[in-house]
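A note on names: the letters A, B, ... follow the listed sequences, proteins ahead of strands, and every chain is numbered from 1. The structure presented is a predicted model; accordingly, all values stated were derived computationally and were not measured.
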2 protein chains.
Amino acid sequence: MGTTQLETVPEPKYWHLRTVLSEALDSEFSVGEILPNERDLAARFGVARATLRQALEQLELEGRLQRRRGVGTTVAPPRVGVAVGTEQHAWPGAEGDAWEPADCATAAPPAAVAGMLETRKDEQVHTVRRSLVTNGQPVAAELLYVPLSSVPASAAADAASGAARAHAVLQGLRHLDLEGQDRAVELGSARAEDAKELDRLPGAPVLVVTTRFFARGRTAAVSVATYRADTCRLTFADSGGVEIHHDAS
Amino acid sequence: MGTTQLETVPEPKYWHLRTVLSEALDSEFSVGEILPNERDLAARFGVARATLRQALEQLELEGRLQRRRGVGTTVAPPRVGVAVGTEQHAWPGAEGDAWEPADCATAAPPAAVAGMLETRKDEQVHTVRRSLVTNGQPVAAELLYVPLSSVPASAAADAASGAARAHAVLQGLRHLDLEGQDRAVELGSARAEDAKELDRLPGAPVLVVTTRFFARGRTAAVSVATYRADTCRLTFADSGGVEIHHDAS
DNA sequence: AAGTGGTCTAGACCACGAG
DNA sequence: TCGTGGTCTAGACCACTTG
């Protein structure tokens with residue numbers, strides 16, 4: 001005691017490091033550029049690798065960095081804006097829908113989805129897998145649940161499974177009058193299956209968008225879409241339809 | 001070689017642990033219950049504390065757990081649904097708005113905000129701080145930027161600063177005709193200031209909602225709201241206005 | 001004062017991608 | 001094969017809350 005503390009920083013090292021690195025990214029690096037490896041960076045800043053990694057994780061979460069095992073850490077481009085609220089009154093699969101139907105199965109949905117669909121436990125529903133790709137990068141994976149009361153099994157009977165069947169189910173939805181929809185966004189972590197499709201590790205942060213589609217006074221379908229939280233920004237254009245674009249820095 | 005691997009699990013320990021704990025939470029714990037401490041849990045599962053913590057972090061991110069330093073780890077209640085899209089055509093501060101004005105200053109906004117407001121660099125704008133509290137828990141912190149061209153400085157001149165001034169600026173907005181709005185949601189990490197207000201540590205994951213308000217063919221105001229990602233779910237009711245509610249499990 | 005979660009260290013080994 | 005990020009360990013100390 002008695003020694004004057006020049007810097008009484010209750011601020012954690014990793015947080016300070018994050019700030020320093022963030023500023024360095026703004027001024028000294030350009031998009032796509034690769035950073036020195038973690039061991040070198042840690043040595044350069046005089047911290048343990050784990051501490052350096054904590055700072056990098058923050059920056060990756062904020063969409064500033066992109067890290068790939070076996071490759072390295074690169075400066076990420078600005079997040080992609082993905083429109084989620086423009087197709088105000090359209091069924092999934094309507095014209096202008098950029099989602100790519102991948103597959104379709106018939107199975108019992110998770111309990112939470114069954115609750116929204118008001119189906120009995122273990123009641124089977126069409127389960128359509130779709131994916132969204134922009135600029136060659138996978139951005140989101142979706143599971144669309146459609147009860148047989150919305151689209152009868154016979155409508156999809158001619159295609160056993162696969163993309164053809166997915167198309168058939170989406171086609172079947174269009175025969176219904178869409179009365180409205182209801183959306184929720186929350187943070188989640190990618191399940192192993194989604195992670196693979198999104199080219200991320202399991203547990204990667206994702207934005208989960210749950211949409212209910214209403215027809216005939218009931219919930220006619222439920223969509224659960226998981227978006228890569230590091231690379232995209234969800235946009236909702238209530239009116240005016242102007243895009244939000246972020247400036248660098 | 002030659003030995004048959006019973007469990008060729010390329011699955012990381014922390015991920016497996018997350019699954020095990022998640023199932024235990026579903027079946028053996030109830031909301032608010034406190035878990036054994038990290039050292040005990042780690043010992044019980046035969047892993048290092050750091051590994052156990054990685055699993056807990058995942059579960060906290062998913063809103064399943066709540067951890068408080070000096071206190072312990074508790075089972076979190078289901079996420080709170082926060083309506084974000086219902087006040088379709090209303091200015092912030094309109095009737096029914098649950099946000100609590102806290103303060104107001106006049107300062108130059110961050111570059112990204114200045115870009116959206118189309119104000120000159122270093123041009124001063126009203127900066128209103130508001131906070132949203134539900135069930136006694138802080139849920140979100142907002143910064144609302146209003147250029148002087150939308151609400152003249154004179155409108156807020158009678159209150160030097162503080163909540164009174166914030167109210168005056170919000171009042172001033174109501175004189176304009178709201179033509180539309182434009183919203184974006186993305187993942188971020190809480191800055192030190194927001195973290196404090198949200199009762200979290202710096203770097204905590206937050207959902208950042210950026211809203212542009214249009215009037216007179218221009219951007220009349222910009223709101224940047226940060227919501228605790230662990231405890232809340234943003235809801236957008238495009239029509240029908242029915243609440244999405246998740247069932248347990 | 002005791003107990004909790006939060007930070008940090010200095011190592012080790014593994015899985016993956018590219019040459 | 002080599003270099004990268006990802007996982008994991010076994011410790012230590014700190015900051016905070018509660019009794």
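- A donor atom on one side chain and an acceptor atom on the other are found under 3.5 Å apart for B/Arg165 and B/Thr106.
- Position along DNA chain C of the nearest nucleotide to A/Val47 versus A/Val71 favours A/Val47 as the more 5'-ward residue.
- For the pair B/Glu11 CD and D/dG6 C1', the interatomic distance rounds to 15 Å; values are reported in whole Å.
- Put simply, CZ on B/Arg53 is 14 Å from P on C/dT4, counting in whole angstrom units.
- Protein atom CZ of A/Arg69 is 10 Å distant from nucleotide atom C1' of D/dT4, rounded to whole Å.
- Protein atom CG of B/Leu41 is 15 Å distant from nucleotide atom C1' of C/dG3, rounded to whole Å.
- The interatomic distance linking A/Arg68 (CZ) with C/dA18 (P) rounds to 8 Å, in whole Å.
- Between B/Thr51 and D/dT7, a side-chain N or O to OP1/OP2 separation shorter than 4.0 Å is absent.
- Following rounding to the nearest Å, A/Tyr14 (OH) and C/dG5 (P) show an atom-to-atom distance of 17 Å.
- Side-chain nitrogen and oxygen atoms of A/Lys13 include at least one within less than 4.0 Å of the OP1 or OP2 phosphate oxygen of C/dT9.
- Between B/Asp199 atom CG and C/dG5 atom P the separation is 16 Å, expressed in whole Å.
- Proximity of A/Leu132 to A/Val82: side-chain heavy atoms (C-beta onward) are separated by under 4.5 Å at one or more points.
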Exercise. Given the rule in the side-chain contact (heavy atoms from CB on, under 4.5 Å) test, do B/Met116 and B/Tyr145 qualify, once you have shown the distances and angles that lead to the verdict?
Worked result: CA-CA 10 Å; B/Met116 290 189 280; B/Tyr145 301 95; over 6 Å; no
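- From one end of the helix from C/dA1-D/dT18 to C/dA18-D/dT1 to the other, with five pairs defining each end axis, the axis direction shifts by 10° (rounded to 10°).
- Residue B/Arg129 places its CZ atom among more than 12 non-hydrogen atoms of other residues, nucleotides or ligands, all under 6.0 Å distant.
- Within 4.0 Å of A/Leu201, counting heavy atoms only, lie sugar-phosphate atoms of the nucleic acid but no base atom.
- In this structure, B/Asn37 does not reach the C/dG3 phosphate: none of its side-chain N or O atoms is under 4.0 Å from OP1 or OP2.
- A/Arg67 has a side-chain polar atom (N or O) that falls below the 4.0 Å cut-off from OP1 or OP2 of D/dG6.
- A/Leu56 has its side chain within reach of A/Arg67: a pair of non-hydrogen atoms, C-beta onward, lies under 4.5 Å apart.
- A/Thr235 and B/Arg183 form no side-chain donor-acceptor contact under 3.5 Å, judged by distance and modelled atom types alone.
- Dashed line: the shortest gap from a side-chain N or O of A/Arg49 to OP1 or OP2 of C/dT9 is not under 4.0 Å.
- Between B/Glu38 atom CD and D/dC16 atom P there is a gap of 17 Å when expressed in whole angstrom units.
- Toward the 5' end of DNA chain C, the nearer of the two residues A/Gly70 and B/Gly70, judged by each one's closest nucleotide, is B/Gly70.
- A heavy-atom distance below 4.5 Å is not found between the side chains of B/Val128 and B/Asp103.
- Residue B/Arg39 has its side chain nearest to D/dC13 when only D/dA15, D/dC13, C/dT7 are considered.
- The side-chain contact (heavy atoms from CB on, under 4.5 Å) test with B/Phe29 singles out one residue from B/Val31, B/Asp26, B/Leu25, and that residue is B/Leu25.
- In terms of phosphate contacts, A/Thr73 brings a side-chain nitrogen or oxygen within less than 4.0 Å of OP1 or OP2 of D/dG5.
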